[in-house]
Amino acid sequence: MHEHLLFGYPAVNAAWPNSFDRAGAFARVVRLLSEARASGVDTVVDCTGVDTGRDAAFAAEVAQTTGVQVIMSTGFVLDVPRYFRGRSPKVAADFFVADINDGISGTDVRAGIIKVASDAARLEGLWELLFRAAARAHRETGVPITTHTDSSQHSGLDQQRVLAEEGVDLSRVIIGHSGDTEDVDYLERLLDRGSYLGMDRFGMDTFADHPMDTLQRCMVIARLCADGYADRLVLSHDATCYCVHTKGQTAYETAAEALAWWDRTYPDQRPARMTSLVIPTLLEVGVAPADVDKMTRNNPRAIFEKQTPY
Ligand SMILES: [Zn+2]
């Protein structure tokens, strides 16, 4: 429910095309998604923003080659262009609606989800503007919203406040990266307002401020399931199948070195680990098979089946 085929830098890549090895990226993404397909993953949601290299033509080719369905998003991650300064949320909302109704960047690939992001406790500035735009596009089209949060900042709560102010039914929203915390009180506050939670960073053990491995992440899910929330959780890795941006201390000169760093640092951050590692660990810590089914099949289906505008 939250992966990335690519993580890129569109302005840099457009200015200097040799900064992006498309063929190399394609081969790597196809390899990782084929591995996922063989392990039982039928569909991935690509939550890549316009600011981080969303590429519908690339995704369509990957889907045709691997047989994995890819649901594309419209929206932004954290690097909102200054283009939107001083503009009404309607400007961004109209862009999102066009991606949803007409297709992305001249392709016939239509966006199936709206992605917005914030990293702070309080939603302000361009991040807030985009949440208001996402709310309008969502209400006009019925397409669900998925978010990026910093769970250490409890960002999800203020995201819910702004979306609710815009009249959004919070049960049509996934508050993402909620699996990065063991603060169950925070998570249950979000759930009690009706939203889904993305427990979606399996394999990013050392990425957040508070490192969490697969077992710790599964224990939190087991607790939420025991508290009756299995019908509100969705699972993922936030896997960046091709990413040359590292958080390491070394200044890598080549994409190959950066990719090797990802593979060393996050060996379990790949879509195929859902069936080979995440689900077995959930079962081990006592999550019922029926709850695993809800989180991996029924809940995603329910999220995408609700398409009524309001
Ligand atoms: Zn992401």
Side-chain angles (χ1 to χ4, degrees), residues 1-10 25 28-29 32-33 36 41 43-56 58-59 62 68 70-80 96 99 104 111-120 123 127 130-131 134 143-153 155-156 159 173-181 190 195-212 214 217 233-247 258-259 262-263 265-266 268-274 278 295 300 303:
M1 286 298 285
H2 186 130
E3 312 288 359
H4 300 276
L5 301 194
L6 299 171
F7 191 106
Y9 301 91
R28 183 180 163 94
V29 175
L32 292 178
L33 286 200
V41 175
T43 306
V44 299
V45 180
D46 184 352
C47 288
T48 306
V50 170
D51 50 335
T52 53
R54 180 194 62 166
D55 188 331
F58 182 95
V62 168
V68 175
V70 181
I71 296 175
M72 296 299 284
S73 61
T74 184
F76 289 90
V77 191
L78 296 168
D79 294 331
V80 182
F96 298 162
D99 281 359
I104 297 168
I113 197 161
I114 302 163
K115 166 71 180 286
V116 271
S118 71
D119 252 0
L123 199 45
W127 289 348
L130 285 193
F131 271 78
V143 161
I145 295 172
T146 188
T147 80
H148 162 112
T149 62
D150 180 340
S151 55
S152 73
Q153 300 294 314
S155 325
Q159 294 181 353
V173 176
I174 304 160
I175 302 293
H177 307 337
S178 296
D180 275 351
T181 180
L190 295 170
S195 298
Y196 289 87
L197 298 188
M199 311 304 276
D200 55 16
R201 276 190 160 164
F202 279 103
M204 295 189 86
D205 297 3
T206 57
F207 188 83
D209 295 345
H210 165 58
M212 284 177 73
T214 294
R217 290 171 191 271
L233 308 177
V234 291
L235 311 178
S236 213
H237 308 81
D238 198 14
T240 39
C241 294
Y242 183 86
C243 179
V244 296
H245 165 78
T246 73
K247 287 192 105 183
L259 290 165
W262 272 94
D263 288 338
T265 311
Y266 304 123
D268 293 326
Q269 199 214 18
R270 50 209 292 171
R273 298 302 267 156
M274 184 54 58
V278 175
M295 295 185 282
I303 289 165

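Source: prediction; values computed, not measured. Index from 1, following the sequence. Both counts, for ligands and for their atoms, begin at 1 and track the order of listing.
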Under 2.8 Å from the Zn ion (ligand 1), is there an N/O/S atom belonging to H177?
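False for H177.
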Can you tell me if H4 has an N, O or S atom under 2.8 Å away from the Zn ion (ligand 1)?
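Checking H4: at least one N, O or S atom is under 2.8 Å.
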Is the ring pair F7/H4 parallel, tilted or perpendicular, if the boundaries are 30 and 60 degrees?
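F7 and H4: perpendicular rings.
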Is the shortest heavy-atom distance from the side chain of S178 to the side chain of M199 under 4.5 Å?
yes
Would you say D119 and H148 are linked by a side-chain donor-acceptor pair, where the criterion is simply a distance under 3.5 Å?
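Looking only at side-chain atoms, D119 and H148 do form a donor-acceptor pair, the distance falling under 3.5 Å.
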Tell me if the aromatic rings of H177 and H2 count as close, with their centers under 6.0 Å from one another.
yes
Name of whichever N/O/S atom of D238 is nearest to the Zn ion (ligand 1):
OD1
